[in-house]
Amino acid sequence: MTTPDPQETPMVRNDAQASSAVPSQRLHRRRLIGAGAAGAVGVATAAASIPIALAQQSATPTAAEASHAQPAGPVGYTTLSPFQAKVLTAAVGRLIPTDELGPGADQTGVVFFIDRQLVNKGNGLRGVAYRQGPFTPGAPTQGDQSFSTVEEQFRIGILGLESLAQQLHGAGFADLTPEQQDAILADLEQGKPETFGGDELTSPPTQGVVPPAVDPAITPKAFFELLLGYTQAGYFADPIYLGNTDMASWRLIGFPGAHMDYAEHILEYGVPYTGPYMSLAQTQGFGGKEHAE
Amino acid sequence: MTTTLPHIDVLFVGLGHAGGAIANELTKRASHLKIVALERGPYRATYPDFIEDHFDEWRYNVQSGLMQDLSRNTVTFRNDAAMTALPMRQYGAFMPGNGVGGAAVHWNGVSWRYLPYFFEYRSHLEARYGKSFLPKDTTIQDWGITYDELEPYYTQYEQMYGIAGKAGNINGTIQPGGNPFEGWRSSDYPQAPVKIAYGGTLFADACETVGFSPFPQPSANRPARYTNPDGMVLGACNYCGFCERVGCHAGAKASPMVTTIPHALKSGQLEIRQLSTVTRILHDGTKATGVRYYDGAGQEVEQTADLVILSAWTLENTRLLLLSEIGTPYDPETGKGNVGKNYTYQTGAVVGGATASVWWEDKILNRFMGSGSNGYSIDEFNSDNFDHADLDFFGGGNIACNNSGARPIQMLQLPPDTPRWGSEWKQAAQKWYNRSIFFTMQGESPAYRQNYMDLDPTYKDIFGNPLLRITFNWTDNERNMVKWVADTVLQPIADAMNGNKQKVSGVLTDFNISPYQSTHVQGGAIMGASPESSVVNKYGQVWGMPNLFVVGASSFPQNGGYNPTGTVGALAYHTADALITKYLPSPGMLA
Ligand SMILES: Cc1cc2nc3c(=O)[nH]c(=O)nc-3n(C[C@H](O)[C@H](O)[C@H](O)COP(=O)(O)OP(=O)(O)OC[C@H]3O[C@@H](n4cnc5c(N)ncnc54)[C@H](O)[C@@H]3O)c2cc1C
């Protein structure tokens with residue numbers, strides 16, 4: 001058996017840090033000074049209603065940032081059908097809309113993110129799952145007991161969304177008005193209807209093809225939570241997963257991304273951080289050296 | 001066909017925080033020993049594994065990239081014996097580690113010592129409040145070891161890991177700025193506190209306004225490069241805000257992978273077999289003879305040894321004892337048997353516990369900066385540091401504001417009146433992400449007759465062995481504790497912060513296996529003064545099987561209002577010392 005000699009492990013920026021030990025007394029003083037100074041900053045920023053950091057949040061990416069954030073080459077769907085992608089694009093675009101604050105989930109690759117997460121049926125929002133039976137719904141304290149894969153949950157949920165749109169408005173979900181779409185999503189969130197299932201899940205209706213038994217775990221409410229979970233994850237995850245195009249969500253909220261080092265900034269209490277937004281696409285492959293800041 | 005490998009001296013089952021510490025001491029002080037460690041996960045180190053990509057919230061924090069593979073092994077769970085236990089199919093209230101170094105590779109590094117009286121908790125409470133004070137169904141007990149006995153080993157552990165903090169009590173003299181409630185320590189922390197993020201200081205200021213004494217939360221990250229007594233170099237923290245659930249890119253988070261394990265490997269005495277999952281401890285009823293395991297190719301192997309150290313974390317420690325039919329399984333009806341007894345957790349560390357958030361319109365907090373343990377704490381309401389005579393509960397917890405980096409998928413916290421989606425949600429995300437703090441109580445978790453572990457009758461792991469079944473719920477004691485702390489302590493602190501919005505909650509309902517709460521899981525192979533009340537003695541030695549030691553928080557009779565790992569470390573060094581100075585010279589039950 002061979003193991004790397006851990007003593008050869010390069011330590012990142014240790015030497016620079018060696019001198020920055022903060023004796024506890026100074027730290028305590030710093031805390032009080034910091035708090036005072038922060039109070040002053042607070043007054044200053046309260047005057048301007050949108051502080052500097054937020055103004056900077058909507059800035060367009062630099063060319064270098066954008067080239068790192070964008071996948072190279074053509075991007076298509078690998079697990080979703082174009083129909084499913086169309087319904088999902090409409091739905092995620094209502095959960096996180098494109099509006100005056102910038103692009104929403106519909107314009108930042110979130111459906112590509114979901115598509116890639118469903119490869120090999122998907123693991124679910126929290127990683128690899130235990131999939132042995134028997135399957136029973138259990139109590140709410142016992143966690144997700146779905147028999148179905150995440151891919152199946154999306155399949156049923158999308159069909160359910162589509163059929164609700166047809167029943168209520170005689171049109172596909174993607175073709176409804178934003179208000180109509182919002183109303184359907186709000187119903188699902190509230191647990192209305194209580195179940196998916198029935199004829200609408202076999203589309204188009206074909207003689208002799210009976211609707212599938214639907215995993216009781218795939219309720220409209222559960223699908224809503226699944227969809228919201230994936231939408232927010234795809235919106236906020238690193239762009240290497242194909243969502244969060246141009247780090248748009250990070251720019252919106254002011255999260256700088258995959259940074260290695262804030263040692264020189266953490267004690268700047270109340271001072272907006274002005275470093276660049278960084279994706280893992282920039283961090284990976286730099287041999288562990290902090291990207292020039 | 002089962003392969004049988006040549007006999008060795010010492011065998012470790014699982015090589016994480018506790019196992020790594022003991023293995024390293026053995027290589028230093030018992031140079032004749034041939035040691036093998038069987039570890040079900042891979043060997044991963046700072047370089048090349050953590051250095052450039054552990055800034056990935058989706059892969060590591062959300063999808064639990066480093067944790068035990070639940071498709072192979074999980075637990076089943078029910079709140080009480082009337083329910084049918086079902087598997088934890090996805091993470092999960094806690095996240096068992098998987099790989100050399102164990103969960104300590106991806107821990108936060110909040111590193112505590114328990115309060116001295118906590119090791120004699122039942123005696124202490126009965127002496128102070130009388131025998132009828134404790135709820136009837138509580139099975140808390142004294143540990144069979146005292147703080148004074150353990151103090152040198154806490155010190156040894158803290159020096160090995162370069163723990164950063166501010167002493168509150170050096171040899172009985174209270175130190176300004178430290179925790180006035182802590183037990184005496186023979187020396188200060190080896191490192192000064194980390195640079196604490198703004199949020200922590202806002203919490204500390206509010207605590208002082210209310211009249212409490214905040215002190216820096218001890219941390220396994222440190223402000224400066226540190227060389228430990230073995231000559232191992234730990235890096236300085238970069239405050240990158242990607243700490244828990246990931247490996248540290250700077251070698252700054254103390255873990256076995258930057259301290260004990262690489263040092264032990266240098267001796268040439270330790271052989272680590274990766275991807276080796278132990279399924280049985282072999283024994284003849286009075287002596288362990290070795291183990292059976294599956295190697296990385298899925299082949300069954302038998303390895304014999306003179307001494308077996310079970311260091312596979314609480315759940316697998318307990319399950320392997322049960323599967324191997326060592327000791328008597330605990331029966332909650334009769335109270336007989338000890339294996340699986342006193343399963344405890346950490347009361348309401350995040351979900352449904354005593355928690356508080358405050359939002360300010362005019363403050364920028366740079367919440368994405370931080371380290372695993374970065375903040376201030378107060379201990380006025382921990383354990384029995386306050387008078388419970390007129391309260392309807394016993395126990396309490398440490399209250400802290402920790403700034404470990406606010407990754408946006410999981411830690412975007414928005415005011416309670418915010419819609420969950422749509423343009424208003426987006427506006428709120430923009431406005432509030434960087435303007436809030438969160439603080440919480442890590443509550444103590446007492447042991448109860450009805451909370452325990454045994455083997456599941458239905459569900460199996462990938463090798464066909466029964467899963468471990470956990471039966472656990474909170475009781476009114478913890479519900480009352482959480483509510484009282486939220487109302488009496490968190491609320492005034494939140495008020496003193498003068499935010500624009502706040503949320504304080506303290507409603508503990510039924511324990512839920514689904515949302516992450518903490519990987520602080522104790523009991524199952526508890527220690528005590530006699531075989532009647534425990535599985536192991538104070539050295540972790542199994543009563544009636546002197547060459548089998550079970551180490552880790554499985555030995556805690558109950559959990560305190562602190563994270564457990566500092567105490568796991570101290571107990572490991574205590575065991576190592578006893579092995580070297582007492583057991584190896586004269587194998588047998590240790591007095
Ligand atoms: C996200 C996270 C944050 C945490 N933060 C803190 C904190 O801030 N403070 C604190 O005090 N604690 C914290 N903890 C808990 C801490 O990590 C554990 O208490 C500590 O690692 C336990 O040490 P151990 O040696 O008992 O187990 P581990 O370090 O987990 O080692 C056990 C090893 O045994 C192996 N193993 C298990 N079963 C088998 C088998 N059958 N065969 C072979 N090998 C096996 C495992 O793969 C593992 O490597 C945290 C944990 C997590 C997951």
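Both backbone and side-chain heavy atoms feed into the values below; hydrogens, waters and symmetry mates do not. Naming: A, B, ... by sequence-line order, numbering from 1 per chain.
Residue A:P140 touches chain B through its backbone alone, counting heavy-atom pairs closer than 4.5 Å. A:L228 touches chain B through its side chain: at least one heavy atom from C-beta onward sits under 4.5 Å away, while N, CA, C and O do not. There is no contact between A:A105 and chain B, counting heavy-atom distances below 4.5 Å. With a 4.5 angstrom heavy-atom cutoff, A:P178 does not touch chain B via any of its atoms. Contacts of A:L280 with chain B are made by side-chain atoms alone, with heavy-atom separations under 4.5 Å and no backbone atom involved. With a threshold of 4.5 angstrom between heavy atoms, A:Y235 approaches chain B through side-chain atoms but not through N, CA, C or O.
Using cut-offs of 30° and 60° on the angle between ring planes, the pair A:F113 and A:Y241 is perpendicular. In this pair, A:F255 and A:W250 present their aromatic rings perpendicular. The plane angle is above 60°, beyond the 30 to 60° band. In this structure, A:Y262 and A:H259 have parallel ring planes: the angle between them is below the 30° cut-off, well short of the 60° mark.
Looking only at atom types and distance, the side chain of A:N244 has a donor-acceptor partner in the side chain of A:S249 under 3.5 Å away. Judged purely by distance below 3.5 Å, without hydrogens or angles, the side chains of A:D215 and A:S148 pair a donor atom with an acceptor atom.
No other option in A:T98, A:N123, A:V128, A:D238 has as many heavy-atom pairs under 4.5 Å with chain B as A:V128. In terms of non-hydrogen atom pairs under 4.5 Å with chain B, the most contact-rich of A:A237, A:G234, A:G143, A:P97 is A:P97.
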